[in-house]
K.L.:
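This is the structure I have questions about; it appears just below.
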Protein chains: 2
Amino acid sequence: MDTTQSTDQERSADRRRRELLEAADRVVLRDGPGASMNAIAAEAGITKPILYRHFGDKGGLYAALAQRHTDALLDSLRAALDAPAERRERVEATLDTYLAAIEARPQVYRFLMHPAEGGQPGGDQGFDVGKHSAPLLRRMGEELGKVIEDRLDLGPDSRRLARIWGHGIVGMMHAAGDWWLGERPCTRAELVRSMADLLWGRLAAAGDKVGGPGF
Amino acid sequence: MDTTQSTDQERSADRRRRELLEAADRVVLRDGPGASMNAIAAEAGITKPILYRHFGDKGGLYAALAQRHTDALLDSLRAALDAPAERRERVEATLDTYLAAIEARPQVYRFLMHPAEGGQPGGDQGFDVGKHSAPLLRRMGEELGKVIEDRLDLGPDSRRLARIWGHGIVGMMHAAGDWWLGERPCTRAELVRSMADLLWGRLAAAGDKVGGPGF
DNA sequence: ACTAAGATGTTACCTGCGGTAACGCGAGTC
DNA sequence: GACTCGCGTTACCGCAGGTAACATCTTAGT
């Protein structure tokens, strides 16, 4: 039958695609985001043109690779966000989930967030990430915004406010996490608590220091 | 005299350097962050090796270029942070200053934050930013952290808390600003107010929506 | 069973990038 | 006048992303 044939072909192509993605994953994990198409092809046991037939260009491969990890991370975050507990606990759980993820697989994280960075050898013109650097942040921001809008009563303008907060909180999490991952100035739990404190208004509640007009 | 000579030379070299930086600036503003060394050299009316003699490598040029803008922006932010007003007003002024800056010169902003992004032509392997993508965020985070630590009374752990908050707030500002700059979902003033509200604990204060366990 | 088609994979090549070595040249110095 | 030395050039290397053209193996049709 024609349909079964095309189905088989499609399935085979899909499997191939998955295999290639996994190979790319391994290489990126090993060589960092600066991995070259040649290296990925070699790891997959094939040559460049095949990669290009499957993914169009490097951006396509990147996008596919990024989406897998992004989806996985977003699932974890949604789970933490949906846990049965009170708000502060959920927020802390979500922050902790994110931080645990980037702590467990920093290479993946660097790949998703920072285009090119690894590689002491000469030409390290990264993984042409370009416009694909933001998507993870954007997606997380949008998702969180939706959740906030769905569950919180923010009066009028709730939609706008929720989206702003979504992106803002995600950005806070990201920047603090990135800094923390680099300098490791404290425990993960401490970082989580401190960020939650910030979100809980401790900035506004703090007193001025003696002698100054305060921040 | 020998000293005057060397001084003259240094001054001349510095002037040259400034000229080159301004040329690079023009190119980056025109072609986006994907500007090539050849293009920059051409704009400056010279050839590549001279650029390399002055800045070592592309990272050096980027770093020099970035530092100029970063310094300028940080000065503005410090000014807003030091204005004589109460805390909330200062926070809003600082946020607004940042947003105004990225709104006024988005090209510069994209250059500082996002490595490579412009360029429909074939090879657009960006402005090998790599490790130099974060510095602006890091610097802003550190500076804000210091200010917070200096002026707020946060009890014990104040140092750690202040730094975390510094990086977190900067990240919030950045992510929300980036999103806002792309989608323009609201006024700058509205964005500022909303972010300040978030920092002032409205997230914790908001009530659950009817029917759900709340966020 | 033989052929036609189409996916699968290869080699060999192009362009453009960052980066460098080797040379040319004019201005001051002894 | 030879000598250095900063400024500038041309010509080149290696390597990246990306592509064209060729080889091959599977599979369907008659």
K.L.:
Side chain of A:Lys48: nearest nucleotide among D:dG18, C:dT20, C:dT10?
P.N.:
D:dG18
K.L.:
Figure out the OH/P separation between A:Tyr52 and D:dG18, and round it to whole Å.
P.N.:
4 Å
K.L.:
Picking from D:dT19, D:dA16, C:dA21, which would you name as closest to the side chain of A:Ser36?
P.N.:
D:dA16
K.L.:
If I take atom NE2 in residue B:His54 and atom P in nucleotide D:dG6, what distance separates them, rounded to the nearest angstrom?
P.N.:
12 Å
K.L.:
Pairs of donor and acceptor atoms involving the side chains of residues 164-173 of chain A, under 3.5 Å and at least two apart or interchain, shall be tabulated with distances.
P.N.:
| residue | atom | partner | partner atom | Å |
| --- | --- | --- | --- | --- |
| A:Trp165 | NE1 | B:Ser194 | O | 3.0 |
| A:His167 | NE2 | A:Glu142 | OE2 | 2.9 |
| A:His167 | NE2 | B:Trp179 | NE1 | 3.2 |

K.L.:
Expressed as a whole number of angstroms, how long is the span from B:Arg16:CZ to D:dC7:C1'?
P.N.:
9 Å
K.L.:
Name the closest nucleotide to the B:Pro49 side chain, picking from D:dA20, D:dT9, D:dG18.
P.N.:
D:dT9
K.L.:
Just the rounded figure in Å: distance from P of C:dC17 to CE of A:Met37.
P.N.:
19 Å
K.L.:
Tell me whether the OP1 or OP2 atom of C:dG9 has a side-chain N or O from A:Thr47 closer than 4.0 Å.
P.N.:
no
K.L.:
To the nearest angstrom, how far is B:Arg17 atom CZ from D:dG6 atom P?
P.N.:
17 Å
K.L.:
Which of the following nucleotides, C:dG9, D:dT19, C:dG19, is nearest to the side chain of A:Ile50?
P.N.:
C:dG9
K.L.:
Mark yes or no for a side-chain to base donor-acceptor pair under 3.5 Å between B:Arg53 and D:dG6, with no hydrogen or angle criteria applied.
P.N.:
no
K.L.:
Rounded to whole angstroms, how far apart are CD on B:Glu19 and C1' on D:dC7?
P.N.:
13 Å
K.L.:
How about B:Arg159: does its CZ atom have over 12 heavy atoms from other parts shown lying under 6.0 Å from it?
P.N.:
no
K.L.:
For residues 43-51 of chain A, which side-chain N or O atoms pair as donor and acceptor with protein atoms under 3.5 Å away, sequence neighbours left out?
P.N.:
| residue | atom | partner | partner atom | Å |
| --- | --- | --- | --- | --- |
| A:Glu43 | OE1 | A:Arg30 | NH2 | 2.9 |
| A:Glu43 | OE2 | A:Arg26 | NH1 | 2.5 |

K.L.:
What is the distance from CD1 of A:Ile46 to P of D:dT24, rounded to the nearest Å?
P.N.:
19 Å
K.L.:
Distance to the ring centre below 6.0 angstrom and angle to the axis at most 45 degrees; does that hold for A:Arg188 and A:Trp180?
P.N.:
no
K.L.:
If you count the non-hydrogen atoms of other residues, nucleotides and ligands that lie under 6.0 Å from CZ in B:Arg138, is the total more than 12?
P.N.:
yes
K.L.:
What integer distance in Å separates A:Phe55:CZ from D:dT19:P?
P.N.:
15 Å
